[in-house]
Enquirer: 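Following this message is one structure expressed as C-alpha cells.
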Amino acid sequence: MLLDRMAARDEPELIADFAAPLPLTVIGDLLGIPREDRDRFHGWTNSLLNPDPNQPQQAKQAVVQMAQFMVDLVAGKRAAPADDFLSDLIAVRDAGDALTEDELVSLAFLIFWAGYENAVKLIGKAVLALFDNPEQLAALREAAPEVSDAAVEELLRYCHPSQFAIRRFPTEDISIGGVRIPAGDTVLLGAASANRDLSLVADPDTLDLTRADNAHLALGHGIHYPSVPRLLVSRPVSRSAVCCTASRVSSRRSHGMKSAGFPRSGSTACRPCR
C-alpha cells in the first residue's frame, strides 16, 4: 500500500510518494498501460506540471512523446485487445461509431491527462487544507472510512485543482465587464476565483465539509461536465485518497509533515508536505 511505504520512509514526500503514483496506477489499469511504461508517464507529467524555465522545449517534447505513445498504444490494443477501457473504445470505434481515429487517440490522452492532473493537485492541496483546518480533519477522521459527497465537493471547491480553465477564443468582438476582447484573442478564465464568489458561496474562504449548496466550477461546467476523465478518475481517486490519508494521520505535527518550500501556483509542487 502506498501509505504504508510512505510511512516507512525517513522523509516521505506526499506528492512523489502518494498523490502522483495513486492516479497513475488507477489510470494505467483503466487504459491498460503496461506497468513497465508507467515510469515514462511519470517523467512526462513532471515535465508538464513542473516545467523547467531553463528548458522551455521540455514540456512540448513531453506532449509529443505522450501523444505518440498513445498512438502506439491504440495500435497495440487493436492488434491484441485486452480487458481494459481503451480496448473497449477501440472496439466501438472499429464497429462503425462516429469517433474518428484522431478523436480516439485524443480521448485516450484526455482520460490520462485530465484524470491524472486534477487528482494529483487535488490530493496535495486537500491534505494541506485539512492539516490547516484541524477541526475539519477531526470530523473527517470520525466519519472514516466513509467520506460524504459534500466533503469531496467542498474540497474540490476550496482547493480547486486547476486555477484556469482551458483557453477560449471569441469568434467575434465581445465586451465583458467593460473590457473589449477582439475576435481571436486568447482568453484565460480564472475558474478558481469563481469558487470564492460571495454571490454564490457564503463565507467562501472557510473550509466547511458539511456545506450543502456548493455550485463550484472545479471540474468544469456545461455539456462536457460529466466527462469520462473527471468522473471515472478525479472524484473517485480523490475520495479514496482523502479518506485513506485522514484515517492514517491526525495532524501535520504528529507526523512531522511540513511544507517543502514556497508555493508555486498552478503546479503540482504547490506547497507539498513532507
Enquirer: Just by modelled atom types, is the Pro81 backbone N or O under 3.5 Å from a matching donor or acceptor in the Ser87 side chain?
Expert: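 Pair absent, no side-chain N/O of Ser87 close to backbone of Pro81.
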Enquirer: If you round to the nearest 0.5 Å, how far is OH of Tyr158 from CG of Asn133?
Expert: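 Those atoms lie 5.0 Å apart.
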Enquirer: Do Ile181 and Ser175 touch side chain to side chain, with heavy atoms closer than 4.5 Å?
Expert: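 Counting from C-beta outward, Ile181 and Ser175 never come under 4.5 Å.
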Enquirer: If a pair satisfies salt bridge (charged side-chain N to carboxylate O under 4.0 Å, His left out) and one of its residues is in residues 83-94, list it, with sequence neighbours excluded.
Expert: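 For residues 83-94, and leaving out neighbouring residues, the salt bridge (charged side-chain N to carboxylate O under 4.0 Å, His left out) pairs sorted by first residue read Lys77-Asp84, Arg78-Asp94, Arg93-Glu101.
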Enquirer: Let me confirm one number: the CD1-CD1 distance from Ile15 to Ile123, rounded to the nearest 0.5 Å.
Expert: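 So the CD1 of Ile15 and the CD1 of Ile123 are separated by 8.0 Å.
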Enquirer: Do Pro34 and Leu73 have side chains that get closer than 4.5 Å, going by heavy atoms?
Expert: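 Result yes, sub-4.5 Å side-chain heavy-atom pair found.
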Enquirer: Between Ile111 and Met70, does a side chain to side chain contact (heavy atoms under 4.5 Å, CB included) hold up when you go through it step by step?
Expert: CA-CA 11 Å; Ile111 290 172; Met70 286 299 181; over 6 Å; no
Enquirer: Measure the shortest side-chain to side-chain distance between Lys60 and Val64 over non-hydrogen atoms and say whether it is less than 4.5 angstrom.
Expert: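 When only atoms from C-beta onward are counted, Val64 and Lys60 do not touch, as no gap falls below 4.5 Å.
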Enquirer: Heavy-atom distance under 4.5 Å between the side chains of Leu189 and Val187, does that happen here?
Expert: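 Yes; the side chains approach each other to less than 4.5 Å.
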Enquirer: Among residues at least two apart in sequence or on other chains, which ones pass ring pair (Phe, Tyr, Trp, His ring centres under 6.0 Å) with Phe109?
Expert: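 So Phe109 forms no ring pair (Phe, Tyr, Trp, His ring centres under 6.0 Å) with any residue.
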Enquirer: Indicate yes or no for a side-chain donor-acceptor contact from Glu103 to the backbone of Thr100 under 3.5 Å, with no hydrogens or angles considered.
Expert: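 Yes, because the side chain of Glu103 sits within donor-acceptor range (under 3.5 Å) of the backbone of Thr100.
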Enquirer: CZ/Arg35 to CG/Asp37 distance, rounded to the nearest 0.5 angstrom?
Expert: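 Answer rounded to 0.5 Å: 12.0 Å.
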Enquirer: Which distance, rounded to the nearest 0.5 Å, do you find between the CZ of Arg9 and the CG of Asp17?
Expert: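 Output value for this atom pair is 4.0 Å.
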Enquirer: Please evaluate residues Phe69 and Phe41 with respect to the criterion ring-ring contact (aromatic ring centres under 6.0 Å, His included), reporting the C-alpha separation (whole Å), side-chain torsions for both, the decisive distance (0.1 Å), and the verdict.
Expert: CA-CA 9 Å; Phe69 179 89; Phe41 268 90; 4.8 Å; yes
Enquirer: Calculate, to the nearest 0.5 Å, the distance between atoms CG and CG belonging to Leu31 and Leu86 respectively.
Expert: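 Reported to 0.5 Å precision, the distance equals 6.0 Å.
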Enquirer: With a 4.5 Å limit on heavy-atom distance, are the side chains of Phe112 and Met66 in contact?
Expert: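 Yes. Closest side-chain heavy atoms under 4.5 Å.
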Enquirer: For the residue pair Val120 and Ala19, what are the closest heavy atoms and their distance?
Expert: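 Minimum heavy-atom separation between Val120 and Ala19: CG2-O, 3.4 Å.
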Enquirer: Could you report the tightest heavy-atom contact between Ala67 and Val105, atom names first, then the distance?
Expert: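 Heavy atoms only, the tightest pair is O-CG1, 4.3 Å.
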Enquirer: Return the CZ to CG distance between Phe85 and Leu30, rounded to the nearest 0.5 Å.
Expert: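 One gets 6.5 Å once the value is rounded to the nearest 0.5 Å.
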Enquirer: May I ask you to decide if Leu209's main-chain N or O and Gln136's side chain share a donor-acceptor pair within less than 3.5 Å?
Expert: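 At least one qualifying donor-acceptor pair exists.
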Enquirer: Under a 4.5 Å cut-off applied to non-hydrogen side-chain atoms, are Val92 and Leu99 in contact?
Expert: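 Result no, sub-4.5 Å side-chain heavy-atom pair not found.
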Enquirer: If we ignore angles and hydrogens, is there a donor and acceptor under 3.5 Å between the side chains of Thr210 and Asp208?
Expert: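 There is such a pair (donor and acceptor under 3.5 Å, judged by atom type) between the side chains of Thr210 and Asp208.
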Enquirer: Is the shortest side-chain N to carboxylate O distance from Glu117 to Lys121 below 4.0 Å?
Expert: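 Here Glu117 pairs with Lys121 in a salt bridge, since their nearest N and O are under 4.0 Å apart.
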Enquirer: Please list all pairs meeting salt bridge (charged side-chain N to carboxylate O under 4.0 Å, His left out) that have one or both residues in residues 176-197, counting only residues at least two apart or in different chains.
Expert: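 Every pair satisfying salt bridge (charged side-chain N to carboxylate O under 4.0 Å, His left out) with a residue in residues 176-197: Asp173-Arg180, Arg196-Asp205.
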Enquirer: Can you spot which of Glu153, Arg157, Arg211, Glu154 makes a side chain to side chain donor-acceptor pair (under 3.5 Å) with His216?
Expert: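 Exactly one candidate clears the test, Glu153.
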